[in-house]
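As structure tokens, the structure follows; a few thoughts come after it.
Just so it is clear, the structure is predicted and the values come from calculations on it, not from any experiment. Within every chain, numbering begins at 1; the chains are lettered A, B, ... in the order of the sequence lines, protein sequences first and strands thereafter.
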Number of protein chains: 2
Amino acid sequence: MDKKTKQKRVELFERQCRSQGVPFTVQRRAILETVLEFDNHPTAEQVHDAVTTRFPGISRTTVYRTLETLVQMGLITKACHPGSVVRYDRRIEVHHHLVCQRCEEVVDISDERLDALPVPDTSSLGFEVFDFRVQLRGICRRCRKKE
Amino acid sequence: MDKKTKQKRVELFERQCRSQGVPFTVQRRAILETVLEFDNHPTAEQVHDAVTTRFPGISRTTVYRTLETLVQMGLITKACHPGSVVRYDRRIEVHHHLVCQRCEEVVDISDERLDALPVPDTSSLGFEVFDFRVQLRGICRRCRKKE
DNA sequence: TACCAAATGATAATGATTGTCAAGTACAAA
DNA sequence: TTTGTACTTGACAATCATTATCATTTGGTA
Ligand SMILES: [Mn+2]
Ligand SMILES: [Mn+2]
Ligand SMILES: [Zn+2]
Ligand SMILES: [Zn+2]
């Protein structure tokens, strides 16, 4: 993610904090900046390790809490993942995922034809749809080589 | 899931066990039958609780192990989920999911237009695609009412 | 029926996440 | 700028989910 986009996101975060009366702390800022550095789908633990270099001694608890706050505020998302560890995603716009059924890795993919998906009407279910992700399930290169 | 479909799945499991030299144990059978009863996406713990009525004293460890085995053998799948608990899915055919961003519930949805998705060419990434799922992200009825 | 590789179950260990609460900080009001 | 206070943070413990270990049992086969 280029520096400009990153800065925009941090500024957006600050504005949202102000308008919602949420304190804009130095820890929260550091955590957001750190998660924006990852181009994959880090766990809270990985974010904690990484943010520690920028902010030594930051609490694991704070990282867990803040990541959840950032998701609630729409500044990052969670990547749906088959495994048992929560994974975060700096990408908030529509994009898609390759999900390896062997190693469970999730890799981003962009495809305009997938973006053009006709979203079905779910109003009869009472479900309001905001956006979507396509998960392509299969086997990644690394796992195929192992066989 | 109707009795017929369930029986077919169990028979398929038995055949695959025979051909792969995997013991077809009474525990494995009970676990498969139990997970096929769920019409949502149960956790291993939920499957354990349910299978206990059918097979008292069955070990939690065996349930965890067997569910993973069933996934590897293609008899059930994992439902990609934003939370930190693995969830299983008796549905193995292409279908799609509503994912509530508030309570993280995942609900099945079928839609022929979604099924007709044009799967992009991922060969340049070395990724071999078998099938796909669409996740519609939004807010479920229950969570909307709370607001 | 007897053998053996593999599964099971009891238990402990690990890993991830959440709850608690005293102490510190952001920020709005004075 | 100082002060008050609601909210956040960090240390720690507790909980929840999952995996490792290994003695015992069992399914499948000869
Ligand atoms: Mn992503
Ligand atoms: Mn499903
Ligand atoms: Zn893989
Ligand atoms: Zn909901």
For F24(A) and dA26(C), give me the distance from atom CZ to atom P, rounded to whole Å.
-> 11 Å

Would V51(B) end up clustered with F13(B) when hydrophobic side chains under 4.5 Å apart are linked, directly or stepwise?
-> yes

R65(B) side-chain proximity, nearest of dT18(C), dT8(C), dC27(C) | dT8(C)

Y64(B) atom OH is separated from dA16(C) atom P, nearest whole Å, by 15 Å

Counting heavy atoms from C-beta on, name the nucleotide in dA26(C), dT8(C), dT18(C) closest to the side chain of R28(B).
-> dT8(C)

Measure from CD1 on I31(B) to C1' on dA7(C) and round the result to the nearest Å.
-> 11 Å

Checking all strands, does T61(A) fall into the base, sugar-phosphate, or nothing category for heavy-atom contacts under 4.0 angstrom?
-> base

Please determine which of T62(A), T66(A), L70(A), V10(A) meets the side-chain contact (heavy atoms from CB on, under 4.5 Å) test together with R28(A).
-> T66(A)

List in chain and number order the residues that pass ring pair (Phe, Tyr, Trp, His ring centres under 6.0 Å) with H48(B), two or more places apart in sequence or in another chain; answer none if no residue qualifies.
-> none

For dA26(C), does either OP1 or OP2 sit under 4.0 Å from a side-chain N or O belonging to Q27(A)?
-> no

Separation of dC27(C) atom P from Q20(A) atom CD, nearest Å, is 13 Å

Whole angstrom is fine here: how far is it from CD1 in I58(A) over to P in dG24(C)?
-> 17 Å

5' to 3' on DNA chain D, which nucleotides open and close the contacts with chain A (atom under 4.0 Å from a heavy atom)?
-> dC7(D) to dT18(D)

Sub-3.5 Å donor-acceptor pair from the side chain of R137(B) to the main-chain atoms of L98(B), do we have one?
-> no

Nearest whole angstrom, please: distance from the C1' of dA28(C) to the CZ of R18(A).
-> 11 Å

Option passing side-chain hydrogen bond (donor to acceptor under 3.5 Å, both in side chains) with D89(B) (candidates H81(B), H95(B), R133(B), K78(B)) | H95(B)

Determine, for R87(B) against E105(B), whether the closest basic-nitrogen to carboxylate-oxygen distance falls under 4.0 angstrom.
-> no

What do you reckon, are the aromatic ring centroids of H97(A) and H41(A) less than 6.0 Å apart?
-> yes

Might you work through the side chain to side chain contact (heavy atoms under 4.5 Å, CB included) test for H96(B) and S110(B), ending with a clear yes or no?
-> CA-CA 6 Å; H96(B) 311 289; S110(B) 291; over 6 Å; no

Would you mind telling me which residue lines up with the more 5' stretch of DNA chain D, G57(A) or G21(A), judged by nearest nucleotide?
-> G21(A)

Which whole-number value in Å describes the distance from E104(B) CD to dT17(C) C1'?
-> 13 Å

Closest-nucleotide 5' rank along DNA chain D - winner of T25(B) and S59(A) | S59(A)

Test: E37(A) and K6(A) ion pair at under 4.0 Å | yes

Nearest-angstrom distance from the residue atom CZ of R29(A) to P of dA26(C) = 13 Å

End-to-end axis angle, where each axis spans five pairs of the helix from dT1(C)-dA30(D) to dA30(C)-dT1(D), to 10° | 40°

